Amino acid sequence: YHIRPMMAISRNTRKEIKKLEKTMEKQGAAVHERTKLLVMTGLFIALGYVATTVLMVPSPTGGYMNLGDTVVLLGAYLLGPVYGAIAGGVGPALADLLGGYGIYVPATLVIKALMGLTAALLYRALQKKDWALLVCGVAAEAIMVVGYFLFDGFLAGNLAAGLAGIPSNLMQAAFGF
């Protein structure tokens, strides 16, 4: 008589242990995914820095053209809106900071983060179709051209001065694809 209740407790305990193990497996997978996302974000920050600094062609407004937009867009597509925006903004902003273009750091951080955010959100909305890459790239690069036009105009004290940077920013946009 006393053995049966012990077996029932034992079975219930085993069931609870199995439930706990499944919960721990799910949590472990979630931690693994978050860790992977953070590592990939760091990697894209570094790649954004390198792609921005490997080829720096001075522009007429005091900035420079570079290849960093390719990494900003790729990071947006692979990391999603939040982490893509972080990586897209921080890598190129570091390049400005360490490359002697400190005045551009705040603008680059915001403009490139908005590029990444926009490209990632559009890419999701367009259900990650192949043709969506072109649409997302054009939208993101338009943000870059307009953003630097406004910032250059702000630096010069009038928006007309910002017009001088539009051709070089359009060239950079073309390389961003």
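Just so you know, these numbers come straight off a predicted model, no measurement behind them.
- Under a hydrophobic clustering in which Ile, Leu, Val, Met, Phe, Trp and Tyr are joined whenever their side-chain heavy atoms come within less than 4.5 Å, directly or via other members, Leu37 and Leu73 fall into different clusters.
- Counting all heavy atoms, side chain and backbone alike, Ile45 lies closest to Ala87 at CG1-CA, 3.6 Å.
- You'll find the side chain of Phe44 reaches within 4.5 Å of the side chain of Leu78, heavy atoms only.
- The shortest side-chain heavy-atom distance between Leu109 and Val90 falls under the 4.5 Å cut-off.
- With rounding to the nearest 0.5 angstrom, the CG atom of Asp96 is 3.5 Å from the OG1 atom of Thr108.
- Across Ala119 and Cys136, no two heavy atoms sit closer than the pair O-SG, 3.6 Å.
- Val105 and Met56 fall into different hydrophobic clusters, where Ile, Leu, Val, Met, Phe, Trp and Tyr are joined by side-chain heavy atoms under 4.5 Å apart, directly or via other members.
- With rounding to the nearest 0.5 Å, the separation of OH in Tyr64 from CD in Gln172 is 8.5 Å.
- To the nearest 0.5 angstrom, Ile143 atom CD1 is 6.0 Å from Leu114 atom CG.
- Between the side chain of Thr118 and the backbone N or O of Met115 there is no donor-acceptor pair closer than 3.5 Å.
- The hydrophobic cluster containing Tyr148 also contains Val146, counting ILVMFWY residues as joined when their side-chain heavy atoms lie under 4.5 angstrom apart, directly or transitively.
- Residue Arg124 comes nearest to Gly80 through the heavy atom pair NH2-CA, 4.0 Å, listed as atom of the first residue, atom of the second, then distance.
- Scanning all heavy atoms of the two residues, the minimum distance from Asn158 to Ala160 falls at OD1-N, 3.0 Å.
- Among Leu170, Asn169, Val72, the one residue that satisfies the side-chain contact (heavy atoms from CB on, under 4.5 Å) test with Met144 is Asn169.
- Put simply, the side chain of Trp131 reaches to within 4.5 Å of the side chain of Leu126, judged on heavy atoms.
- No more than 12 heavy atoms of other residues, nucleotides or ligands sit less than 6.0 Å from atom CD1 of Ile103.
- Taken from CG in Leu155 to CG in Leu150, the straight-line distance is 11.0 Å, to the nearest 0.5 Å.
- When the side chains of ILVMFWY residues are joined at heavy-atom separations under 4.5 Å, either directly or via intervening members, Val50 and Leu98 end up in a single hydrophobic cluster.
- Taking a 6.0 Å sphere around OH of Tyr101, one finds it holds more than 12 heavy atoms contributed by other residues, nucleotides or ligands.
- Looking at Val110 and Phe151, their side chains never come closer than 4.5 Å, going by heavy atoms from C-beta outward.
- In the hydrophobic clustering of ILVMFWY residues, with side-chain heavy atoms under 4.5 Å counting as a link, Met65 and Ile166 come out apart.
- Leu74 has its side chain out of reach of Thr70: every pair of non-hydrogen atoms, C-beta onward, lies at least 4.5 Å apart.
- The two atoms that bring Gly162 and Asp152 nearest to each other are CA-CB, 3.9 Å, heavy atoms only.
- Here the closest heavy-atom approach between residue Ile111 and residue Gly147 is recorded as CD1-C, 3.4 Å.
- For the pair Tyr83/Leu38, a side-chain contact is recorded, criterion being any heavy-atom separation below 4.5 Å from C-beta on.
- One finds the CG atom of Asn66 at 8.5 Å from the OG1 atom of Thr53 (value rounded to the nearest 0.5 Å).
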